Amino acid sequence: MVQMKKKERITDAEKKEAYKEASKFVLDIAKLILAGVILSTIMDMKIDKSSVLITGSLMLLIIISLGIYLYYIAIKKY
């Protein structure tokens, strides 16, 4: 017969570490977006630079907010 294993639960320390790692990952993505926005405005491409700056800045703010929120959850909740 096949024995059923008990469901293993994630401990609070593991959740805290996962939230911290997720916040690091999201903030790294924000750094890449910032670099992309800067490079796209420096390069001589046929694009509207103001729309790139506005869209990139908006996305950067949203992603940084998400990263800070994940870090806040890791510190506050667990």
Side-chain angles (χ1 to χ4, degrees):
M1 285 197 148
V2 178
Q3 292 181 349
M4 298 294 283
K5 290 185 178 181
K6 288 185 178 179
K7 289 185 180 179
E8 295 181 15
R9 296 197 174 227
I10 299 174
T11 63
D12 287 342
E14 292 172 336
K15 285 182 184 179
K16 181 177 183 175
E17 191 64 31
Y19 278 121
K20 280 186 179 181
E21 288 298 318
S23 70
K24 288 179 188 177
F25 176 73
V26 169
L27 291 174
D28 284 342
I29 297 295
K31 286 187 259 183
L32 291 173
I33 289 174
L34 179 64
V37 168
I38 291 172
L39 286 175
S40 67
T41 55
I42 290 174
M43 302 289 283
D44 192 24
M45 299 172 72
K46 296 178 182 178
I47 55 172
D48 185 23
K49 292 183 181 183
S50 61
S51 65
V52 170
L53 286 173
I54 291 170
T55 306
S57 299
L58 181 64
M59 291 305 298
L60 189 64
L61 288 174
I62 291 170
I63 291 177
I64 287 175
S65 300
L66 178 63
I68 291 171
Y69 177 71
L70 288 172
Y71 189 73
Y72 176 75
I73 289 174
I75 291 175
K76 184 75 174 174
K77 201 171 190 179
Y78 301 106

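This is a predicted model, so every value here is computed, not measured. Along the sequence shown, residues are numbered consecutively beginning with 1.
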Drop me the distance from [X]'s [atom1] to [Y]'s [atom2], to the nearest 0.5 angstrom.
X   : Y   : atom1 : atom2 : value
I29 : M59 : CD1   : CE    : 11.0 Å
L60 : L32 : CG    : CG    : 11.0 Å
K15 : R9  : NZ    : CZ    : 8.5 Å

Contact summary for [X] and [Y], nearest pair of heavy atoms:
X   : Y   : value
A30 : I63 : CB-CG2, 3.8 Å
G67 : S23 : O-CB, 3.3 Å
Y19 : A74 : CB-CB, 3.5 Å

Please list, chain by chain and in numerical order, all residues satisfying side-chain hydrogen bond (donor to acceptor under 3.5 Å, both in side chains) with S50, sequence neighbours excluded.
D48
Using the salt bridge (charged side-chain N to carboxylate O under 4.0 Å, His left out) rule, collect all pairs that involve residues 23-40, keeping only residues at least two apart or in two chains.
E21-K24, D28-K31
T55 side chain to V52 main-chain N or O, any donor-acceptor pair under 3.5 Å?
no
Under the side-chain contact (heavy atoms from CB on, under 4.5 Å) test, which residues partner [X], sequence neighbours left out?
X   : result
L58 : I62
I38 : L34, I42
I54 : none
L66 : V26, L70

Membership question, hydrophobic clusters at under 4.5 Å side-chain separation (ILVMFWY): are I47 and M43 in the same one?
yes
